[in-house]
Amino acid sequence: MLAEIGYGILVVTFIVALYSVGAAIYGERKKSPAFVESARRAMLLTWPLISLSAATLIYLLVTNHFEVSFVYEVTSREMPTYLKVTAWWGGQAGSLVFWSWLMSAFASLVTLRKWDRDREFLPWVIVVTSITTAFFLGLVIFFENPFARYWQTFDGQVVASMFAPANATAFFPQDGRGLNPLLRHPGMIIHPPMLYLGFVSFVIPYAFAMAALITGRTDDRWIRLTRRWTLWAWLFLSFGLVLGGRWAYDVLGWGGYWGWDPVEIAAFMPWLTGTAFLHSVMIQEKRGLLKHWNMILIILTYALVIFGTFLTRSGVLSSVHAFAQSAIGPAFFAFIGATFITSIALVIYRWPELRGETEMKSMLSREALFLLNNLLFMSVLVICFWGVIFPLISELVTGQKVTVGPPFYERATAPLFATLMFLMGVAPLSAWGNSTLLTLGRALWKSALAALAVTGLLFFTYTKNAIALIGFFLIAFVLFVTLIEFWRATRARMNAQNENFFTALLTLVGRNRRRYGGYVIHMSMMLMAIGILGIEVFQIQTQGTLPLDGSLKLGEYSVKYESIAQFTGPDNRQVTRAVVGVYDQKGNYLGELHPRIDYYPDAQQNMTIPGERPTLRDDLYVLLVDWQPVSANGATFKIFVNPLVNWLWIGAIIFFFGILIAAWPERESEVVPARTKRVHQPSAAD
Amino acid sequence: MKNYLRITHYALLAIGLALLFTAQRNQTALAQNPTPTDDEVNRIAHQLYCPVCENTPLDVCPTEACRQWRDLIRQQLSQGWTEDQIKQYFIDQYGVRVVGEPPRTGLNWLVYILPPAIILAGAILLFRALRAWTKPSTTAAAPRSKKEAPKDEYVARLEEELKKRK
Amino acid sequence: MTENINTAPHRGVPLWAQIIIWAFLVGLLAIVAIGLNRSQQGTVQPGDKIKDFSLPLFSGYELNGKSQFDLADHRGKVVVINFWASWCKPCEQEAANLENAWKLYEPSGEVVFLGVDYVDTEPEARAYLKKFGITFANGPDVGTKVSQLFRIKGVPETYFIDKDGVLRYVQIGPFVDKVDSQGNVVMDGVSQIQVIIDPLLK
């Protein structure tokens with residue numbers, strides 16, 4: 001009964017969403033504000049409706065209704081309640097509902113704002129967001145229904161469908177299959193919602209861009225309206241990616257966090273275009289340039305969000321993360337085709353009206369360097385996109401399956417990332433409009449010299465590896481440049497306003513959040529780069545089978561196998577947990593680690609959980625690969641030492657604060673109708 | 001409910017039982033002479049991909065099938081095979097998808113040629129656009145811009161930006 | 001600001017650029033469409049003519065003394081092709097059934113059984129064949145060529161090809177005894193194979 005209610009609500013929501021599309025278009029064409037308002041209200045109705053349906057689904061999940069096929073597939077009796085709730089997005093059908101729920105939440109949020117000055121955008125924003133919501137709801141209703149139930153037909157076959165087939169009786173499985181053990185991890189509980197949030201919130205700037213194209217109001221308004229949305233979207237997407245990395249590091253037992261897997265890349269690609277967009281909109285705001293390019297970037301971002309979702313869910317690509325093969329492919333394909341073609345056609349149609357207002361004065365000006373930054377991000381995108389698509393082409397043309405793996409991506413993208421880092425150091429010092437080699441050189445030489453000194457020091461004390469030294473030089477360079485920027489600006493304020501250091505710093509950052517938030521983000525990126533460089537260049541590993549009290553040496557560590565025990569964990573998992581002692585070179589005891597293998601009987605899967613000893617210098621990562629149950633004295637361990645990797649996570653946390661600084665709503669919020677005086681000011685932030 | 005499982009799932013499923021057997025097998029392998037270490041095996045396995053699971057390097061793949069392949073590498077090493085011979089054997093047996101990069105032959109060249117070509121084209125386009133944009137500025141914008149820049153240009157710019165916001 | 005500096009008339013996107021953009025989009029969509037079609041299509045379907053292929057055979061598991069299997073040599077016979085691997089547990093459930101069915105048809109000479117060992121290592125594969133007493137022809141799928149030809153989605157899968165070389169039936173998953181809700185065997189695995197082969201012999 002409940003399943004029918006949940007499904008019914010989804011169908012109603014689908015119709016409501018379609019109505020809001022129709023009403024918005026009709027209202028706009030007939031210049032009837034009443035219809036537009038009706039469309040807005042219909043749109044506002046979708047979120048409560050989907051919430052209700054989702055609540056039904058969660059209730060079914062939590063109360064062990066295994067006759068519902070989705071519940072059977074993602075939960076089992078042994079799972080704790082919180083996991084049963086998060087199982088909502090642990091399978092294809094549920095996660096599509098989750099997607100729609102987030103989508104309608106964001107669409108509602110944006111339609112709730114005051115629209116006084118932007119009336120003409122409203123109907124089209126509603127159209128774009130409602131179509132997207134309706135599309136995902138349609139996938140749920142017609143192809144991947146989480147409310148479908150099991151039925152047993154007269155010949156003993158068990159089928160899943162919403163309504164009873166002829167002569168069939170309801171079928172009640174005793175227990176469910178349980179959530180994929182890989183997904184039973186705190187990181188995995190937050191990682192998908194974060195990614196989806198990032199994906200969904202990028203739809204909002206896209207909707208505004210489309211509205212601007214359709215209405216022909218192609219000035220900067222759409223960008224100003226969606227600036228914060230874009231930052232938040234970027235925050236969620238970035239955080240989703242980092243959390244995904246952390247999850248992989250803690251759960252997959254690869255000793256790494258990023259495997260250049262097609263699904264990872266699918267989430268990374270919109271991040272690339274989104275990052276390029278964040279930079280290039282500043283040029284449009286400051287200089288009135290690049291209107292075409294910004295349109296293209298936001299469309300690309302949206303397209304990559306949808307395309308990535310399609311690739312991972314349709315079964316076209318095979319990947320460790322991919323959802324099982326699914327029927328949504330063709331519908332998804334049609335949607336992609338329609339949105340791509342419409343978007344491109346609109347841009348071409350409005351192309352003449354999007355021409356830039358000013359011109360560039362110097363190839364070294366900040367806008368020119370930003371363009372170079374965009375070129376680099378696009379280059380990384382090209383490599384990623386091609387790497388993902390090529391196996392498909394190869395299989396179609398030659399029938400040969402190929403793998404495009406980490407060696408390819410690492411080699412191809414490393415120089416691009418290095419150049420990006422260099423730009424991160426140079427661009428903040430170049431002026432808008434005009435810069436010369438001389439002014440730039442004057443601004444840069446101190447930082448470059450300091451960075452060189454640091455590199456020299458590292459050469460004599462830490463490493464002779466050329467790649468690492470180049471990397472460390474760039475990292476130090478950017479850090480110095482950014483710190484000096486902070487320092488100079490703060491001192492300038494201290495002198496001019498007679499403020500003390502902290503007041504000066506705080507006012508500075510507060511007055512120009514976007515710029516200084518951006519600098520904090522740059523610095524956090526450099527900390528993350530330290531971690532990435534560390535694990536990429538210096539990672540060492542060893543593996544060996546140890547008797548009890550035997551030791552394995554790696555780098556400056558020695559790991560001693562002390563004991564092993566088997567017990568049953570909370571959700572009935574069977575845990576085999578080894579205790580290993582960690583010693584340094586001199587034989588000092590540093591502590592113990594507990595690598596373990598968890599076996600999940602319900603899902604019949606193993607999970608290898610490492611024991612980790614994180615320090616700022618490195619991360620000791622011990623895996624229990626294998627053990628001999630009979631005599632309990634032959635266990636195989638694999639040990640990694642991942643130097644500097646923890647800077648990656650530290651950087652990620654600082655990164656988070658950087659975006660908060662940049663994206664936090666300001667007092668004079670843009671939602672408040674502005675006084676006419678402010679309308680013509682260039683921008684509220686840099 | 002289903003007797004038939006996808007390959008990947010199945011291979012994963014097999015581990016539980018297999019652990020017992022492999023532990024013993026490891027020992028027999030160790031008894032051989034000369035004995036390749038786990039590290040030597042992993043070094044080669046790391047460059048190969050599991051042929052049945054998608055995009056998983058052979059050294060970290062936990063399935064029973066992968067365990068067999070690692071043992072195969074160990075055996076080949078102890079028979080004196082070189083790294084390249086082992087890789088070639090895997091390519092011949094299981095197809096080119098076992099290596100992390102497509103071999104540089106035929107159509108696969110596209111993997112290596114196309115991205116640099118597109119990037120180069122993009123760079124040229126950008127450079128030309130930049131030159132087109134910067135040209136008129138020297139004639140048209142020059143007379144208008146203020147010639148006498150303040151001594152400390154930077155401080156002035158900063159102050160101006162901050163004032164705007166008050 | 002100073003829009004008049006740019007005196008050039010407002011131009012649209014040049015035609016060549018439009019052509020490139022649309023061509024790229026169509027190309028991309030086409031590739032994805034074909035890829036999607038392929039992934040949706042599943043294995044080769046009954047009614048398809050199976051292309052000739054050859055497979056090297058394990059020594060001790062040759063067919064009529066030949067160390068290579070060629071499909072073309074067996075026109076006029078029913079060919080049963082079973083994909084398996086030593087690491088595959090469901091394969092073990094049906095191994096005995098396949099062997100027993102082979103024993104039934106071997107004397108007539110009208111049916112050929114072929115085991116295709118999918119991505120496996122030879123020692124383990126041989127141990128498996130020995131363990132289940134398999135006697136019909138078996139060989140490794142070198143380079144996964146044969147499995148790609150049939151576009152198999154997993155193991156075990158069994159394909160039944162009629163005397164004209166046309167695929168007539170595909171079994172996804174193992175041949176295991178069918179059981180009703182009371183636990184009684186409705187049809188055992190060997191009979192299920194017979195039900196498929198017998199009509200093809202007429």
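Lettering follows sequence order; numbering is per chain, from 1.
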What do you reckon, is CZ of C:R168 surrounded by more than 12 foreign heavy atoms closer than 6.0 Å?
no
Taking C:N37, C:V26, C:L149, C:L28 one by one, which has the highest count of heavy-atom pairs under 4.5 Å against chain A?
C:L28
Honestly, the part of C:I21 sitting under 4.5 Å from a heavy atom of chain A is side chain
For C:A17, which atoms come within 4.5 Å of any heavy atom of chain A: side chain, backbone, both, or neither?
neither
Distance, nearest 0.5 Å, that separates CG of C:L200 from OH of C:Y169
11.5 Å
Whatever's closer than 4.5 Å to a heavy atom in chain C on A:F332 counts as neither
In terms of heavy-atom contacts, does CD of A:Q174 have more than 12 from other residues, nucleotides or ligands at under 6.0 Å?
no
Kindly say whether the aromatic ring centers of A:F335 and A:F135 come within a distance under 6.0 Å.
yes
Would you mind checking which part of A:Y349 comes under 4.5 Å of any heavy atom in chain C, side chain (CB onward), backbone (N, CA, C, O), both or neither?
neither
Less than 4.0 angstrom from a charged side-chain N to a carboxylate O is my criterion; do C:K178 and C:D188 meet it?
no
Chain A contact via C:L25 - side chain, backbone, both or neither, heavy atoms under 4.5 Å
side chain
What distance do C:N82 atom CG and C:F113 atom CZ have between them, rounded to the nearest 0.5 Å?
9.0 Å
Contact origin within A:I389 toward chain C - heavy atom pairs under 4.5 Å
side chain
